[in-house]
Amino acid sequence: MSNPSSETEFDCPITKECGALVQLLQPRERDLGGFSVRRVLPVVGQKMIGPWIFFDHMGPAHFPAGDGINVRPHPHIGIATVTYLFEGEILHRDSLGSLQPIRPGDINLMVAGHGIVHSERERPEITATDHTLHGLQLWLALPEAEEETDPAFYHYPESTVPSVSVGDVPVRVMMGTAYGETSPVKVFADTLYIEAWLKPGQKLTLPDAQERGLYVAKGRLLAGGTEIPEFSMAVLSEQQGVTVEALEETRLAVIGGEPLGKRFIEWNFVSSRKERIEEAKRDWENSRFPSVPGDEDEYIPLPG
């Protein structure tokens with residue numbers, strides 16, 4: 001997705017906790033034009049969790065026939081976008097010539113590197129009916145040695161993403177290694193991303209990582225005596241063997257991995273060098289990014 005303004009870091013109430021829970025983040029809703037997202041990262045006091053620098057929860061957004069997601073071409077540098085849907089479909093196009101519908105359970109990894117442009121729209125047959133869009137989109141900051149890598153696009157169908165039962169809890173290992181399973185999704189540093197679905201009363205011991213965040217996409221959890229409500233993210237310490245318990249039917253996502261150091265972020269651009277972001281802004285204003293084949297007529301201008 002595109003950030004609707006050049007502003008990226010928002011104030012966020014942060015509750016200090018003890019034990020395994022370091023902070024509790026509450027998202028801010030942002031209008032992306034026709035639907036809203038809950039933006040969890042970055043916020044003041046918590047810019048990244050491991051290599052993860054952006055975390056958006058999209059929807060659920062319900063569209064009548066004739067309406068739908070319609071994000072015009074926009075650029076990125078210095079990151080990889082990770083898109084995962086619970087419900088609905090997005091049609092991804094990019095300046096490499098990729099044309100890929102994203103459906104529930106699939107993982108789309110778009111590596112921006114030194115620069116890529118993409119759009120997110122819908123196939124006509126989706127827009128023609130009442131439909132719902134619901135999912136997560138995250139941005140991975142790239143290590144400094146990979147920030148200017150060639151852009152690339154990878155699509156991983158649902159059937160290729162490992163699933164495992166931990167006790168009786170179904171878990172998908174989206175990126176990295178957890179519970180004895182390793183995802184095929186490409187990573188650039190030590191990276192963790194899992195999702196799980198818990199019934200009321202079920203418990204799950206979370207995988208360890210140098211930095212971790214636990215997001216509740218649906219339901220409520222209990223962790224170390226602290227309730228983690230729906231649409232909130234608990235920033236966890238390195239304490240091992242952290243176990244959570246579902247207070248109701250709960251869908252969770254855990255992200256984490258190794259910290260990559262300071263990153264600058266403005267609009268859709270991320271870099272370890274502020275001057276590189278200024279260069280990218282000039283390049284977009286002066287039409288020096290590549291166009292998106294099949295979607296050349298529109299674009300999102302640089303905010304401000």
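The analysis underlying the following values was restricted to heavy atoms, covering all of them including side chains, and did not include hydrogens, waters or symmetry mates.
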J.: Do NZ/NE/NH1/NH2 and the carboxylate oxygens of Glu147 and Arg276 come within less than 4.0 Å?
T.: no
J.: Do Arg251 and Glu195 sit within salt-bridge range, that is, some charged N less than 4.0 Å from a carboxylate O?
T.: yes
J.: Between Val242 and Ser237, is there a side-chain heavy-atom distance shorter than 4.5 Å?
T.: no
J.: Should His57 and His134 count as side-chain neighbours, where that means a heavy-atom distance under 4.5 Å?
T.: yes
J.: Within a strict 4.5 Å, meaning less than it, do heavy atoms of the Phe55 and Leu136 side chains meet?
T.: yes
J.: Compute whether any side-chain donor of one residue and acceptor of the other, for Arg172 and Tyr84, lie under 3.5 angstrom apart.
T.: yes
J.: Is a side-chain donor or acceptor of Glu211 paired with a backbone partner of Gly50 at a separation under 3.5 angstrom?
T.: yes
J.: If only atom types and distance count, is the side chain of Gln202 paired as donor or acceptor with the main-chain N or O of Lys199 below 3.5 Å?
T.: yes
J.: Under 3.5 Å, is there a donor-acceptor pair between the side chain of Asn286 and the main chain of Arg288?
T.: no
J.: Is any side-chain heavy atom of Glu87 closer than 4.5 Å to a side-chain heavy atom of His131?
T.: no
J.: Would you say the rings of His118 and Phe153 are close, in the sense that their centroids are separated by under 6.0 Å?
T.: no
J.: Counting N and O atoms only, with roles assigned by atom type, does the side chain of Gln23 sit under 3.5 Å from a partner on the main chain of Val235, one being a donor and the other an acceptor?
T.: no
J.: Under the side-chain contact (heavy atoms from CB on, under 4.5 Å) test against Val82, which residue among Met175, Met174, Gln137 passes?
T.: Met175
J.: Measure the shortest side-chain to side-chain distance between Leu109 and Lys186 over non-hydrogen atoms and say whether it is less than 4.5 angstrom.
T.: yes
J.: Hey, could you give me the CG/CZ distance between Leu140 and Phe54, rounded to the nearest 0.5 Å?
T.: 13.0 Å
J.: So, taking the atom named CG in Asp150 and the one named CD1 in Ile116, what distance separates them when rounded to the nearest 0.5 Å?
T.: 10.5 Å
J.: Is it true that atom CD of Glu125 has more than 12 heavy atoms of other residues, nucleotides or ligands lying nearer than 6.0 Å?
T.: yes
J.: At their closest point, which heavy atom of Pro27 faces which heavy atom of Arg38, and how far apart are they?
T.: CB-CB, 3.8 Å
J.: Heavy-atom distance under 4.5 Å between the side chains of Glu144 and Arg263, does that happen here?
T.: yes
J.: Can you check whether Pro75 reaches Trp267 side chain to side chain, under 4.5 Å on heavy atoms?
T.: yes
J.: Minimum heavy-atom separation for Gly256 to Pro51, with atom names?
T.: O-CD, 3.6 Å
J.: Taking all non-hydrogen atoms of both residues into account, name the closest pair between Glu230 and Lys218 and its distance.
T.: OE2-CA, 3.3 Å
J.: Considering non-hydrogen atoms only, spot the tightest contact between Ala234 and Ile228 and give its length.
T.: CB-CD1, 3.7 Å
J.: Quick one about Ser291 and Glu296 (side-chain donor to acceptor, distance below 3.5 Å, no hydrogens or angles considered), yes or no?
T.: no
J.: Considering only distance and modelled atom types, tabulate donor-acceptor pairs under 3.5 Å from the side chains of residues 297-304, sequence neighbours left out.
T.:
from: Glu298; atom 1: OE1; to: Arg121; atom 2: NH1; distance (Å): 3.2
from: Glu298; atom 1: OE1; to: Arg121; atom 2: NH2; distance (Å): 2.9

J.: Classify the ring geometry between Phe289 and Phe269 as parallel (under 30°), tilted (30 to 60°) or perpendicular (over 60°).
T.: parallel
J.: May I ask you to say whether Arg103 pairs ionically with Glu158, meaning some side-chain N is under 4.0 Å from a carboxylate O?
T.: no
J.: Quick one: does any side-chain atom of Thr250 pair with a main-chain N or O of Gly219 as donor and acceptor, under 3.5 Å?
T.: no
J.: Rounded at 0.5 Å granularity, tell me how far CD in Gln26 sits from CZ in Phe231.
T.: 11.0 Å
J.: Just to verify, which of Arg28, Arg30, Glu29 counts as forming a side-chain contact (heavy atoms from CB on, under 4.5 Å) with Ser36?
T.: Glu29
J.: What's the separation between atom CD1 in Ile90 and atom CE in Met58, rounded to the nearest 0.5 Å?
T.: 4.5 Å
J.: Going only through I, L, V, M, F, W and Y residues with side-chain contacts under 4.5 Å, is there a path from Leu221 to Trp197?
T.: no
J.: Looking at Ala196 and Val171, what are the two nearest heavy atoms and their distance?
T.: CB-CG2, 3.9 Å
J.: Can Glu279 and Arg282 be counted as an ion pair, charged N to O under 4.0 angstrom?
T.: no
J.: What heavy-atom pair brings Ala112 and Pro151 nearest, and what distance separates the two atoms?
T.: O-CB, 3.5 Å
J.: Indicate yes or no for a side-chain donor-acceptor contact from His76 to the backbone of Asn268 under 3.5 Å, with no hydrogens or angles considered.
T.: yes
J.: Could you check whether any side-chain N or O of Trp52 sits under 3.5 Å from a backbone N or O of Leu192, counting only pairs where one atom can act as donor and the other as acceptor?
T.: yes
J.: What distance separates Glu245 CD from Thr243 OG1, expressed to the nearest 0.5 Å?
T.: 10.0 Å
J.: Just how far is it from atom OG1 of Thr177 to atom CD1 of Ile194, taken to the nearest 0.5 Å?
T.: 12.0 Å
J.: Any non-hydrogen side-chain atom of Glu227 less than 4.5 Å from a side-chain atom of Arg220?
T.: yes
